[in-house]
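See below for the structure under consideration.
Source: prediction; values computed, not measured. Quick note on labels: first sequence line is chain A, next is B, and so on, each numbered from 1.
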Amino acid sequence: MDNLYIICVDDQQEVLNALEQDLSLFDEKMNVEVCDSAGEALELMDEIDQQGDFVALIISDQVMPEMTGTTFLAAVRKDSRFHDTRKMLLTGQATHQDTIQAINTGGIVQYVEKPWQKDILLANVKTLLSHFVMTKGLDYQEFIDLLDQEVIYQWLRNRT
Amino acid sequence: MNFSRQSSRHEAIITKYFSDPEREIQLKAGEVLLEQYEINNKLFYVAEGKICGYLPDKHLQEPVFEALDSSFVGVYSFFSEDRKSYSKVVAEEDSVIRYFDDNPFDLPPADTEELLTFLFNVVVGELRSRQHFAGNMAYERQATLQKLIQTEKLATLGQMAAGLAHELNNAIGSLSGNLRQLEEDISKDLVEGEHQQLADLFTKGLQEGQQLSSLDVRKARSKWEKTYALDKATIKKLTKSGIDPDEIAGDTVKALKAASLWNLGYLLHDMKTAATHATHVIQSVKSMGIANQSWSKEVKVNNTIEDALAIIRSLTKQVTLQRQLENELPDITACSGELVQVWINLVKNAVESLINNKVSRPTVQISTTQTADQIVIAIEDNGPGVPGELREKIFQPSFTTKVDGLSFGLGLGLTIVKRIISEHEGDITLFSEPGKTRFTVYLPKNV
């Protein structure tokens, strides 16, 4: 079975714990990891890649010391190993400029505002994971209850 | 119109046409020379004193023109067709006026020409000086208006802040009240009667929260994974609690219970921390709002700095913030809400300059010290500095105009900073070189 990772990055522990709790259903068949800095996340991603596993999704905060979410995501985007990794910016405070930059240089595809609503967050995560699984050509059946059926269906239809 | 360098020709004309003792008026300060719209056939020369023109019909307090000695008054009405004075002309000081009321064309032709040439210069000069006067007035009015707009903006913000603070305090009050109740109930119903070790775990979570970093947790996790065949979520909770796997002695049921009890305590701890933080932020915002625009003799400068830092915590997270606040500062007479604004503005400027210029190891240092009669607050950053040519301009109203999506109007720029500090009879100086920019604020101690 393919090993998929969801990595959450935020400098506030309480946010990480809340995220981890909300995303715990993904932990059954995938791995949800939390990091309190972008640097830690980059190291962890190295390890995951060396094990031959996949970083499917990154959920990052914007306002963090040392490295902002946008800078972090831009660094990930330049890394060919994580070319297909889906990125989500989760933040309570981003300026218009930050958002533009995150889309243009960080390649984020989803922007979620804090405080988030669990069901909306889960739906977004499922959608992004589905795109990742299908792009990579992984066996979607393994994860089917953690994916967005609609997205899978669209992919299969376009394939034929 | 004031001829500072009077030509001999000018003097000759004044002597010739404006020195008839029969045509001299002595005015005491406040006496009226001409009422508004009065018909005037005279051209007045102010020999001594000061004359001003007003527009009573427009209810303007300010004069529309000023005529000092050696200038002319009544120029417009004397030369206009209807001969009506458009303003009320009043002596500002005790004045001596001489006038000319002949028809210039009744004079001998040579005199007519001489006088008209002279008067032409007078008219043009008068036009110029009145225009200049009007320009100055317009400028002053605009400056006043700007200050008024900013004050209004602040007042509105203050009212909004007070309103928000009230609503949020109610909400948070209810949350923390229920939280306390929940904590009691859980302690009593769930934890009491449990094995002491497990009860302690709940208390540990409640009191300390999570002590381990996300990296520590990931490293320590494998020991739990090896010892217990439990689901990932439980393993994570157990690891976060910081207890050693050996303490549970391989008892899976106990481990499950330990995980959930620690987590319960931890969740309550987090919620309490969040509630406290929210309360603190609200208090800080309120302290700069309308409720706190009053002056007090017992303002603690260090507290105003802490309040400011609490408000902009998310901004300062991006830099290293160093505080060196002297503990033994005496209270000063100040408006604490306004001081909070000063610190917010200065720190915000520093952080923004560091971030925008991508300075490596961005650091902002805030220090307070005292001299015999002043409290000295310095805010220093290691940014690229303010270029020499801008150092003079930096406090001028037009200088800071940047509007950022984030700064919702709390920071109204260095002009406000300067104004507030002046109101406190203090002073602000700027020292700047590449790698070191320091704003120093001096506030007077209570006498």
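- Put simply, CD on A:Gln21 and CG on B:Asn263 are 5.5 Å apart, with the number rounded to the nearest 0.5 Å.
- Rounded to the nearest 0.5 Å, atoms OH (B:Tyr266) and CD (A:Gln13) are 4.5 Å apart.
- If you measure heavy-atom distances from B:Asp270 to chain A, the contacts under 4.5 Å come from the side chain alone.
- Listed for the B:Lys232 side chain is a donor-acceptor partner under 3.5 Å among the backbone atoms of A:Asp27.
- Under the 4.0 Å criterion applied to side-chain N and carboxylate O atoms, A:Glu33 and B:Lys236 are not assigned as salt-bridge partners.
- The local environment of CD in B:Gln322 is crowded, with over 12 non-hydrogen atoms from other residues, nucleotides or ligands closer than 6.0 Å.
- Between atom NZ of residue B:Lys317 and atom OG1 of residue A:Thr68 there is a gap of 12.0 Å, rounded to the nearest 0.5 Å.
- At a 4.5 Å heavy-atom cutoff, B:Ile355 makes no contact with chain A through either its backbone or its side chain.
- In this structure, the portion of A:Asp11 lying under 4.5 Å from any heavy atom of chain B is its side chain and not its backbone.
- Within the 4.5 angstrom heavy-atom criterion, only backbone atoms of B:Leu212 (N, CA, C, O) approach chain A.
- Rounding to the nearest 0.5 Å gives a distance of 11.0 Å between OG of B:Ser214 and CD1 of A:Ile7.
- The residues A:Glu40 and B:Arg218 are annotated as salt-bridged, a charged nitrogen and a carboxylate oxygen being separated by less than 4.0 angstrom.
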